[in-house]
Amino acid sequence: MMSNEKDAERCESNVSGEVYRNPTEVKMSQIVLPCHANHRGELSVGQLLKWMDSTACLSAERHAGCSCITASVDDIHFEHTIGVGKVVNIIAKVNRAFTSSMEVGILVTCEDLYTGRQWKVCHAFATFVARRTEAGKVQLKQVNPHTQSEQMEYSLAAERRRMRLIHAEIITDLLSSSTSQLGECQQYEGAVPAEKTRVESVELVLPPHANHQVSTFGGQIMAWMENVATISACRLCNAHPTLRTIDMFHFRGPSHIGDRLVLKAIVNNAFKHSMEVGVCAEAYQGGEPLRHINSAFMTFEVLDSDRKPQTLPRICPEPQDGIRRYKEAIARKKIRLDRKYIISCKQNEVPVSVPWDPSNQMYLSYNNVSALKLMDARNSWVLTSEKNKVRLYTREENQRLLFKVEMHVCVPAEQTFHLLSDLTKRKQWDQHYEECEVIMQADEDDTIYRVTTPSVSKRDKGAEFILLASRRKPCDARDPYLIALRSVTLPTHPPTEEYTRGEVLCAGFTILEECSSVSKITYYNQATPGILPYISTDIAGLSSSFYSAFAACSLFLEANKHSQTA
Ligand code: COA
Ligand code: ADP
């Protein structure tokens, strides 16, 4: 968030005389002692995961008013290690509650007590589920976002949940398609046999590892998994490994006091500067069969004295499962890179046109929708022009000009959504759309279109856009319908001589049902060089062509309000 927005939030709090504090916020501070650290004097990631899980669980329980369990923790990237003597500060708060599950945001910072300096270590999102009662599944109360940043997290939480729930299925599909394209495993001289890195360890779940409901803490299981993964990584490099990232943890089933937890780890693949260790946690009691509790993939590096990653020995996989995991680790590395490149970049750092491919589809779609949600959650828009209740607003941000057009139509939101989300219909009301064709139906919610627009002046060529349109229905009554648009590149559609390639960084519609037959439509866009010629005279107050386009849009929607599209 920009600092002036933070200031605005603080001011908002001060006007009422009280400093606002999120009611679900829970803080934990711990001094890192030698008993929490490894032999290099760095806090063990397992201990940190336990603290993060407890803080987040207390926040979830504060909102739910009942006992909660960890369902999953999204990918975590650790930016720094933490030395003995430093203080770890953890803040957790519930971003959004769904039916029985909640997303909890967790921020970890490290503090040097002698200099007062603080720095971010990692940021994570965990999902907690309220424990079922005899009456069945718990229906949680909603979270009421108060500040702009809470509103943003509330809105983004729905998109992250969507990604989380399809994550496993998409990753499985991607792995099977990408590994079939990989040839034989490369043979490296001096490669270490994977068998040398295999670890198997058992833990008995005792009362200190569980809550008062006798369920094992998720953080404790993650800590045991991190422990065996670290041993496995050490066996490859015979040096001290540093954990960089953990892919999403998903707790498939519960574990209780008295369970024996069997933890197995092996290095799946070693690249030049990093290795992937896979860990599997299974539980049993007495003679019962093993229950699969969790599987995780962790990326380690080995840092030299200047904290630069060292070159690692390569791995020689075992036959069958080993070879499959070796190839899957290559595919996961690509997926992780895509994720880092597309999601973790700040919005204004993401290059305008990202090449589309099946392995980054999930993240591009997320990026498309979340960028529009972030625009939608922004306040301080300036009303620039208004005609017959169609309003044009602008907002300057990081030297970019954002604009939005707002209007109401007497058409139900769902029908409006169906009519506007089919871009091939847009030329019926928008004179800037000359041609529009579907290039690819990536999935049910994501379509790639080629759109051409006419030239603005005699000297110019027309423009051509390759647009990814991502559609979302509301998660609950407070969410709008959403159609997000952004440019992508496709090898099958390179730029041509005939047209100038136009770029859309973030645009789209949000549609909110105000009552059963009236919808509020908001159109957002950024005035990039490709868009500016169409809007600059409106923004300068010299024309109101935005009004003609949106009046035509309103007529189009009214005329088709009973059409069969929906
Ligand atoms: N990530 C995030 N949330 C998930 C999820 C995942 N991978 N899988 C399911 N959920 C959510 C669902 O969306 C649902 O949320 P909602 O009620 O708000 O819609 C909620 O979990 C319950 O889902 P439901 O379909 O009713 O149950 P399920 O059979 O999928 O079980 C768990 C989900 C999490 C309850 C179950 O897998 C479990 O008990 N896991 C072990 C949890 C545990 O004990 N953790 C501590 C360490 S062992
Ligand atoms: P997959 O085999 O598809 O990767 P699993 O859930 O079976 O998924 O295992 C997750 C990871 O745990 C594996 O990638 C592997 O690294 C590790 N693992 C699984 N089984 C063993 C085992 N018997 N010994 C050592 N490590 C194992």
Side-chain angles (χ1 to χ4, degrees), residues 50 53 57 60 64 67-74 96-104 125-132 136-140 142 157-158 160-169 171-172 175-176 179 194-201 205 209-211 213-225 228-229 231-233 235 247-257 259 261-269 275-283 290-298 315 317-318 320-329 331-332 475-476:
K50 281 203 267 185
D53 182 64
C57 184
S67 163
C68 297
I69 44 177
T70 323
S72 66
V73 183
D74 294 0
R96 185 162 181 162
F98 302 97
T99 308
S100 66
S101 67
M102 288 151 279
E103 180 189 278
V104 184
F125 297 103
T127 303
F128 283 81
V129 176
R131 189 185 295 279
R132 276 173 180 270
K137 200 165 158 165
V138 170
Q139 170 74 56
L140 294 166
Q142 290 200 335
R160 285 189 289 258
R161 174 179 190 257
R162 179 182 183 274
M163 190 156 73
R164 227 166 261 143
L165 296 180
I166 57 171
H167 182 267
E169 202 182 311
I171 297 283
T172 312
L175 292 184
S176 61
T179 50
E195 183 57 30
K196 184 179 166 239
T197 71
R198 185 189 296 278
V199 182
E200 181 173 322
S201 178
V205 181
H209 304 132
N211 63 17
Q213 311 277 351
V214 305
S215 290
T216 317
F217 284 120
Q220 179 62 70
I221 295 181
M222 294 190 276
W224 282 331
M225 292 171 80
V228 287
I231 299 173
S232 173
R235 285 186 180 161
D247 293 2
M248 189 179 290
F249 275 107
H250 169 211
F251 291 95
R252 292 156 193 261
S255 153
H256 305 289
I257 292 176
D259 272 348
L261 271 186
V262 182
L263 301 135
K264 295 171 188 164
I266 196 162
V267 174
N268 287 336
N269 205 335
M275 69 180 102
E276 181 196 276
V277 183
V279 202
C280 172
E282 293 166 312
L290 286 171
R291 301 173 339 254
H292 188 184
I293 302 290
N294 206 325
S295 287
F297 301 96
M298 306 190 188
I315 199 100
E318 303 198 281
Q320 292 169 356
D321 270 351
I323 292 178
R324 171 181 60 80
R325 287 171 183 155
Y326 178 96
K327 290 182 179 176
E328 288 181 352
R332 272 191 293 267
C475 200
D476 61 43

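Because the structure is predicted, anything quoted here is derived from the model rather than measured. Numbers here are sequence positions counted from 1. Whatever order the structure lists ligands and atoms in, that order sets their numbers, starting from 1.
- Between Arg291 and Glu282 there is no salt bridge, since none of the side-chain N atoms of the basic residue sits less than 4.0 Å from a carboxylate O of the acidic one.
- Between Asp321 and Arg324 there is a salt bridge, since a side-chain N of the basic residue sits under 4.0 Å from a carboxylate O of the acidic one.
- The immediate protein surroundings of ligand 2, defined as residues with any heavy atom under 4.0 Å of it, consist of Arg198, Lys264, Ala265, Ile266, Asn268, Gly278, Val279, Cys280, His292, Ser295, Phe297, Arg324, Arg325.
- Contact residues of ligand 1 (protein heavy atom closer than 4.0 angstrom to a ligand atom; sorted by chain and number): Ile69, Thr70, Ala71, Ser72, Phe98, Thr99, Ser100, Ser101, Thr127, Val129, Arg132, Lys137, Arg161, Arg164, Leu165, Thr216, Gly218, Ile221, His250, Phe251, Arg252, Gly253, Pro254, Ser255.
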List the steps and the verdict of side chain to side chain contact (heavy atoms under 4.5 Å, CB included) for Phe251 and Ile221. CA-CA 9 Å; Phe251 291 95; Ile221 295 181; 3.9 Å; yes

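- Between Arg96 and Asp476 there is a salt bridge, since at least one side-chain N of the basic residue sits less than 4.0 Å from a carboxylate O of the acidic one.
- Minimum heavy-atom separation, Leu175 to Glu328: CD2-O, 3.7 Å.
- When the side chain to side chain donor-acceptor pair (under 3.5 Å) test is applied to Ser67, the partners found at least two apart in sequence or on another chain are Arg131.
- Lys264 has its side chain out of reach of Val279: every pair of non-hydrogen atoms, C-beta onward, lies at least 4.5 Å apart.
- Interatomic distance, CG of Asn211 versus SG of Cys57, reported as 7.0 Å (0.5 Å rounding).
- For Gln213, there are no side chain to side chain donor-acceptor pair (under 3.5 Å) partners two or more places apart in sequence or in a different chain.
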